[in-house]
Each structure stands twice: as structure tokens, then as C-alpha cells.
Novice: 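One structure, as C-alpha cells, below. Some questions next.
We name chains A, B, ... by the order of the sequence lines, and we start the count at 1 in each one. These numbers come from the heavy atoms of this one structure, side chains and all, not from hydrogens, waters or symmetry mates.
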Amino acid sequence: MLDVLGNLERSHTCGELRASDVGSQVVLMGWVAKKRDFGVFTFIDLRDREGVTQVVVSEETAAEAHAKAKNLRGEFVIAVKGEVVARDEGAKNAKLSTGEIEVKVGEILVLNDAKVPPFQLEVAGSENLASEDTRLKYRYLDLRRPQLQQNIIMRAKAVRAIREYFDSRGFIEIETPILLKSTPEGARDFIVPSRIHTGKFFALPQSPQILKQITMIAGLDRYYQIARCFRDEDLRADRQPEFTQLDMEMSFANQEMAYREIQGMFNHVLKLIDVELPAVWPRITYAEAMRRYGSDKPDLRFEMELVDLSDDLRDTDFAPFADTLSNGGEVKCIVVKGKADYSRKQTDELQEFVKRYGAGALAFIKLGDETSSSLMKVLGEEKIAQLVGTSGAEKGDAVLIVAGKKSVVAASLGALRNEVARREDLIDRSKYACLIVTEFPMFEHDEATDTYVAAHHPFTSPMDEDLEKFKTAVNDPSQHHLLGEVRAKAYDAVINGYECAGGSIRIHQQDIQALNFKALGLSPEKARERFGFFLDALEFGTPPHGGFAAGIERTCMILCGTENIRDVMAFPKTASAQDLMMDSPGEVDVSQLTELGIQVCE
RNA sequence: GGGGUCGUAGUUCAGUUGGUUAGAACGCCAGCCUGUCACGUUGGAGGUCGCGGGUUCGAGCCCCGUCGGCCCCGCCA
């Protein structure tokens, strides 16, 4: 039999009461987290968003409430009226913020009962949680876990801090439409059929890129938005089909101004976890990042830089190295401190790891009591010693070597660097290493089609220094390959190896925009068809402008110290892009499809 | 699209070389207990070994297929 709430209001939350409240009459409401029954009295851990308070019900002083307490089960919703009493010295619980006190209950109202949860919210050992699919199906129960609640609260604080920052800097929050027009470049669009215009479709924004640029053309000067974005691509531990980004754009901007806002925003947000980032972040060019770390988003919480061994190996006739070097490839290594004792099994595992990135093999040199190497037979002791010297490795270290195309060496050793750091626990979790990566390439070469595609997006401005090269490459077909050397006014912000933000200074001149479309192999007709409205807008006095977008989830992952994006979203989807709680996506009525003029074929 | 890994009680897991009645912990149910907070204690219930097929005298275990979770590569202007 349930009780009614009536006019009763709670006086405190379950995380609020302290020793100073002893003697007060209070009303608490929450969920039964735990019950410990001692016959003549019963302890209940009462939980709400703010914490847990122990309440005690005694048969002697509150017979009716005690009888009710007998029938309480986990996750029942109750209200208790009672007095705050101090706990005896030995009975205090240092693990609870409310552990100095307990509430001596006079009356209990059972506001609702609950089925036995399909999994335990709190498990001893805490990492023995139920499997993720079970928890996702019952997301509302999983969200009752204090850890997840803290993450969701932290996310709200982060978004508030972002708004504080941009409001204080004269930016205007502007909402852009969710129903847009599909542009076939880039990620796959989520498509929304139009009933009124049968056979036509909206697309959900992958980002509000063009619209925010148009707010600059409109003279709004400084824009920001907490923007939901949608990309119909496969998921990852840090990627969901819908996600949120802080999107910002400003007029009359150069790179320095953009860096200032990136730094200012993140520095303000990281204060939420008492982390002080430098006022001016370290900077590195894309080329240098790739050379030293094999990644455009290096984790700088640890060293282990890549070392180039190519020059030492130009005189070798060992085919895997000789062929690689004569074909423009390279041989590089990382040095793992103190890991000369890597076993065959471990180096095999690491070799399997780098093969995923296209590496043919992983060679090693182990500087144990004796030097051993997978290359000893083919290169000889002298050459091995030379490589060790170049690598900077010392006795006790392991040298891990990959040869191949530059892109493969970077990808595999860059990933291996992270993997080894993770395995060997080289990462100081209390550190926050931030970085701005500059001078991204303007284009990426697509080997399959021998074409160049925009590395960032087609409105990114080339660097002034590379403008002549850009013009030459576009206008002289024989110089087309120079496109690969053109750098863009594009930049990323990286914290702890996560790409947290990315942006660029945009093209505001029509002639350069036209050149860029030509470089991308987009005819004027095609460009007009896809971006006509935007090209029109560019002709009406576009100010120089630029900006960036920051991933809210990735930022929150750093704030919350988690490596899983689902930990910072209230209602995430699985790796196969389904929502297990509502079982979406789902089928729709035939009548709905008919109305839209849509037929599903096999 | 490809690869790896996992799937056994409500949950987390163990399960030997293919061999009797598939186990443990937590949770759940019933009782006892005056200070617990991972309460203790006594007893109890609870299984389509993801699903389908095959091999075998016999399959949780071997083989094939399939579904699902997680991770990775491709993909993500």
C-alpha cells in the first residue's frame, strides 16, 4: 500500500546534512540504496542525486515506521521524517559526506515500490558492473549510479562554463536549423524526407559550418552555438552518430585570435576540475607533430618520440629496408625505456598491433645483458650498434622499428607509441597536456583516384605564404602535385591526445574560393549546384573570418577522466548505432511511408 | 566493408582431455540478530550454457553458420 506525497516537501537533499544540523527536524526523499536489518532496528541508505544519508528506524521509538521499513526493497522511493542525530564516534562513516550524522526516523512514507533491478547499481569492487548492453537497455537505472550522475552534472557545468566564456567575450548565441540541405561531400548525411515536397529531402547538419559563416556575412560579428551534429558513420569509443559541439566563428579574425579564444575557453572550462592550463599553449606544426609523434594529435603526457633511422640504413642491402628507402619511404623507431625484457610473445603482440595500421613487420632491438635483435643476422652487430646510437636507447631499453611508406610509419608508430604508454602505464593521469597543432595541409591525396580532397573543408583558407604555390598548382596541370604541399590556415586543439577542437580561417574572397573548387575537381556548375546560396552570399561583402568547433563530449571525457563517450551522454547509442532503451531505429507504418512517397526496397 | 574479443543463474564470472546431477560470489526469497554502512547468520529458490545446424555413444567444451555487446582498421569534408 503506497502513501501519498500530499503537501509534504523535502527539507534537505540526501547529500546535505552535517554535524551542524544535529537536532533539526528534516524530511528527506529518495531511493532505497541499501537496507541493513537488525531486527529491532533497521538502517536504510537513502540516495538521491546529491548523495547518501543513513537513516535509522527503531521498533522501540517508531513502531509503525519500523514495520514499514521491513517491507522496503532496493530502489523503492520513500520519504522519511525525523531528527538529525550525531553518530557515536566509532559509528561515523568517513566514506560518506553525511557520515557524521544519521536521521532518526519518526515516520516513513512509501511513495513508490520498484521491481528488483535487472542489475546491481553498486557492486563491491565497483568495476564488476553489468555488461554495457544490459545497462544501456535500462539506462534510467544505470543513470542512477552516482558516477554517471556526476558525469552528467559535469557536462552541464562544462556547457555553462562555455556559455559564460563566450558571453563574456561578446559572442552571440545563435540557433541554426536542424533541417538543412544535403551536401554530398564529407560524412554521410542523415536524411529527412519532406511530406510537403514529396521526393525531396532535408539533411541533418554534420556541422553548422556554412550557416555560421553566413552569420559573419550577415554582420553578426561573433557567433557561437552549442550545436547538435549528426553523422551517419561508423562509431568508435569516442564517436557517436549524434554529438554536440561548441561551434564558434568571428569576423576580422586571424589565427592568433582564434588560438586566443580556444585557449581562453578551455582554460576556463578546465578550471571546473581545478586544472590550470598555460595561458599560451605550446604549439607545433602539423609536419613536426607527424615527424616527432606520428600523429596530428599527440599525447604529450609522455615522451617517447619517434626517431628516424633512415639515414643509417641507406647503405644496407636488406631488401625490406632498401626497397622502402629507395621508394621514398622511411624507417623509424621508438625507444621503450627499461623494456629489454620484452618477451617474444609481447613483441609478437606489438607486431600484430602495428600490422593493423599497414606496417609489414615490427623489428626490435633489445638491450639486455646481451643485445638481441630480430635484425642481427641481416644487419650485423656493427649496424645494430649504430642504430642504437641514433635511437638514443640505453642499456635495458627496447627499440621498436617500423619501415614503410611515410604515412604507414607515422600511423603505426604513432599508435604504437600510445599503445606502449598505455600498456606500460607511462601516462601520468594527473597531468593535462594541451597543444595547438598548426599549419595543417590544405589537401589530402587520394591514391586510389589520384585526386586531392579537402583535408579540413572546402572553405578553408590556404596560408598566405603558400598562395602562389596554390595558384600554380591549380592553374598548371603539370604542377598539380604541388597541392599536396599547400598548407592551410587550419588548426586543432589537442588535450591528452584527444582532438578537442578544430578550426580554420575561411576563404572570404570569391576568386580564391573558385580556385579551391577547381583544385578539388568541382566544376563551377557543380559548385553552384551544391553551394550556390553560399557563393552568392560571398559576393555581398564578406569580412575575413574564422573560428573553430570543439567536441563537447571529448571535452567532458577529459573533465570526467573517462575514455568512453557513453559515460558523458545521457542516452547514448551502441557501437552499431542503436538505442537499446527505446529500440531505435525502428520501422514505421506503411501509411507514413505512403504519405511521404517512400517505398522500402530490399 | 574488414579484423579482434566476449556471450554459461537476475548480475559478474569459473567450468579440466568431449563423460555422472553445470558451480562460486553478489543479488533475490524466508527466518534470526541492539550499531551496521561490502552488516552478520541459518535456510531456500533460481539455468533454452545467445540462437540454428553438424560431428560424436555422449557437446557448455569440437566444426559450420548466424545474432548481439565491446574494441580496432577503413570511414568520420
Novice: What is the distance, to the nearest angstrom, from the CG atom on A:Leu416 to the C1' atom on B:C72?
Specialist: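 After rounding, the gap between these two atoms is 15 Å.
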
Novice: When you measure from the side-chain N and O atoms of A:Arg239 to the phosphate of B:C71, is any distance below 4.0 Å, counting only OP1 and OP2?
Specialist: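 So the side-chain polar atoms of A:Arg239 never come under 4.0 Å of the phosphate oxygens OP1 or OP2 of B:C71.
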
Novice: So A:Lys92, base contact, sugar-phosphate only, or nothing? Heavy-atom distance under 4.0 Å.
Specialist: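 Answer is base: heavy atoms of A:Lys92 come under 4.0 Å of a base.
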
Novice: Can you find a side chain N or O atom of A:Asn93 that sits less than 4.0 Å from OP1 or OP2 on B:G35?
Specialist: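 No, because none of the side-chain N or O atoms of A:Asn93 sits under 4.0 Å from OP1 or OP2 of B:G35.
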
Novice: Go through A:Phe43 and A:Phe38 one step at a time and tell me if the ring-ring contact (aromatic ring centres under 6.0 Å, His included) criterion holds.
Specialist: CA-CA 8 Å; A:Phe43 294 110; A:Phe38 284 78; 5.7 Å; yes

Novice: Using the P atom as the point on both nucleotides, what is the distance between B:C49 and B:A22, in whole Å?
Specialist: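 Between the two P atoms, the distance is 11 Å.
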
Novice: From C-beta outward on A:Thr134, which listed nucleotide comes closest to its side chain: B:U36, B:U11, B:C70?
Specialist: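 The closest nucleotide is B:U11.
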
Novice: Give the residues of residues 32-44 of chain A touching RNA chain B, defined as any heavy atom closer than 4.0 Å, sorted by residue number.
Specialist: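 Listed by number, they are A:Lys34, A:Arg36, A:Asp37, A:Phe38, A:Gly39, A:Val40, A:Phe41, A:Phe43.
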
Novice: Using the P atoms only, state how far B:G50 lies from B:A45, rounded to an integer number of Å.
Specialist: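 24 Å, rounded to whole Å.
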
Novice: Side chain of A:Asp133 only, heavy atoms from C-beta on: which candidate in B:G68, B:C37, B:C75 is closest?
Specialist: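 Between B:G68, B:C37, B:C75, the one nearest the side chain of A:Asp133 would be B:G68.
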
Novice: For A:Glu553 and B:C76, what is the distance between atoms CD and C1' respectively, to the nearest whole Å?
Specialist: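 Those two atoms, CD and C1', are 14 Å apart.
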
Novice: Within the pair A:Arg73 and B:C29, is there a side-chain N or O less than 4.0 Å away from OP1 or OP2?
Specialist: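 So the side chain of A:Arg73 is within the cut-off, an N or O lying under 4.0 Å from OP1 or OP2 of B:C29.
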
Novice: With rounding to whole Å, what would you report as the distance between B:A24 and B:C72 at their C1' atoms?
Specialist: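 The answer is 34 Å between these two C1' atoms.
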
Novice: Using the P atom as the reference point in each nucleotide, state the distance between B:G58 and B:G2 in Å, no decimals.
Specialist: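 Here B:G58 and B:G2 have their P atoms 35 Å from each other.
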
Novice: Determine the interatomic distance between C1' on B:G23 and the same-named atom on B:A14; round to the nearest Å.
Specialist: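 Straight-line distance between the two C1' atoms is 7 Å.
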
Novice: Name the pairing partner of B:U5, where a pair is Watson-Crick or G-U wobble with both distances under 3.5 Å, or state none.
Specialist: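 When the pairing criteria are applied, B:G69 turns out to be the nucleotide that pairs with B:U5.
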
Novice: Does the separation of the ring centres of A:Tyr491 and A:Tyr286 fall below 6.0 angstrom?
Specialist: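 Ring centres of A:Tyr286 and A:Tyr491 not closer than 6.0 Å.
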
Novice: Without decimals, in angstroms, what is the distance between A:Gln240 CD and B:C75 C1'?
Specialist: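 Going from A:Gln240 (CD) to B:C75 (C1'), I get 16 Å.
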
Novice: What do you reckon, are the aromatic ring centroids of A:His481 and A:Tyr452 less than 6.0 Å apart?
Specialist: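 No, the ring of A:His481 stays outside the 6.0 Å limit from the ring of A:Tyr452, centre to centre.
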
Novice: Just compare B:G69, B:U36, B:G10 and give me whichever is closest to any side-chain atom of A:Glu102.
Specialist: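 Within the option list, the nearest is B:U36.
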
Novice: Select base, sugar-phosphate, or nothing to describe what A:Pro118 touches, counting heavy atoms under 4.0 Å on all strands.
Specialist: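 Sugar-phosphate: the residue A:Pro118, judged by heavy atoms under 4.0 Å, touches backbone atoms but no base.
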
Novice: Would you please confirm or rule out a distance under 4.0 Å between OP1 or OP2 of B:A38 and any side-chain N or O of A:Lys95?
Specialist: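 Yes, within the criterion.
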
Novice: Could you tell me whether A:Gln209 contacts a base, only the sugar-phosphate backbone, or nothing, with contacts defined as non-hydrogen atoms closer than 4.0 Å?
Specialist: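 Base, at least one base heavy atom under 4.0 Å.
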
Novice: When you compare B:U5 with B:G44, how far apart are their C1' atoms, in angstrom units rounded to a whole number?
Specialist: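 Taking atom C1' in both B:U5 and B:G44, they lie 38 Å apart.
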
Novice: With a non-hydrogen cut-off below 4.0 angstrom, is A:Tyr357 in contact with a base, only sugar-phosphate, or nothing?
Specialist: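 Answer is sugar-phosphate: A:Tyr357 comes under 4.0 Å of backbone atoms only.
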
Novice: Whole Å only: how far is the CD atom of A:Gln245 from the C1' atom of B:C76?
Specialist: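 So the CD-C1' distance, A:Gln245 to B:C76, works out to 12 Å.
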
Novice: Watson-Crick or G-U wobble partner for B:G19, using a 3.5 Å limit on both distances?
Specialist: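 Per the H-bond distance test, B:C57.
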
Novice: How far does the C1' atom of B:U56 sit from the matching atom of B:C63, given to the nearest Å?
Specialist: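 The answer is 12 Å between these two C1' atoms.
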
Novice: For B:C75 and A:Arg236 - does any side-chain N or O of the residue sit under 4.0 Å from the phosphate oxygens OP1/OP2?
Specialist: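 Result: no.
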
Novice: Write down the partner of B:A24 under the Watson-Crick or G-U wobble criteria, each distance required to be under 3.5 Å.
Specialist: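 WC or wobble partner is B:U12.
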
Novice: Separation of A:His66 atom NE2 from B:C33 atom C1', in whole Å?
Specialist: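 Distance, rounded to whole Å: 11 Å.
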
Novice: When you get a sec, tell me which of B:C71, B:C75, B:C26 is the closest nucleotide to the side chain of A:Arg188?
Specialist: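 So the side chain of A:Arg188 is nearest to B:C75.
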
Novice: Rounding to the closest angstrom, what is the interatomic distance between B:A59 and B:C64 at atom C1'?
Specialist: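 Per the computed distance, 15 Å lies between those C1' atoms.
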
Novice: Choose from B:C76, B:G74, B:C70 the nucleotide whose nearest atom is closest to any side-chain atom of A:Leu136.
Specialist: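 Of the candidates, B:C70 comes closest.
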
Novice: Taking only heavy atoms on the protein side, list every residue of residues 565-587 of chain A lying under 4.0 Å from any atom of RNA chain B, sorted numerically.
Specialist: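 Within residues 565-587 of chain A, the residues near RNA chain B are A:Arg566, A:Thr574, A:Ala575, A:Ser576, A:Gln578.
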
Novice: With the side chain of A:Val116 defined as its heavy atoms from C-beta on, choose the nearest nucleotide among B:C70, B:C28, B:G74.
Specialist: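 Closest nucleotide among those given: B:C28.
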
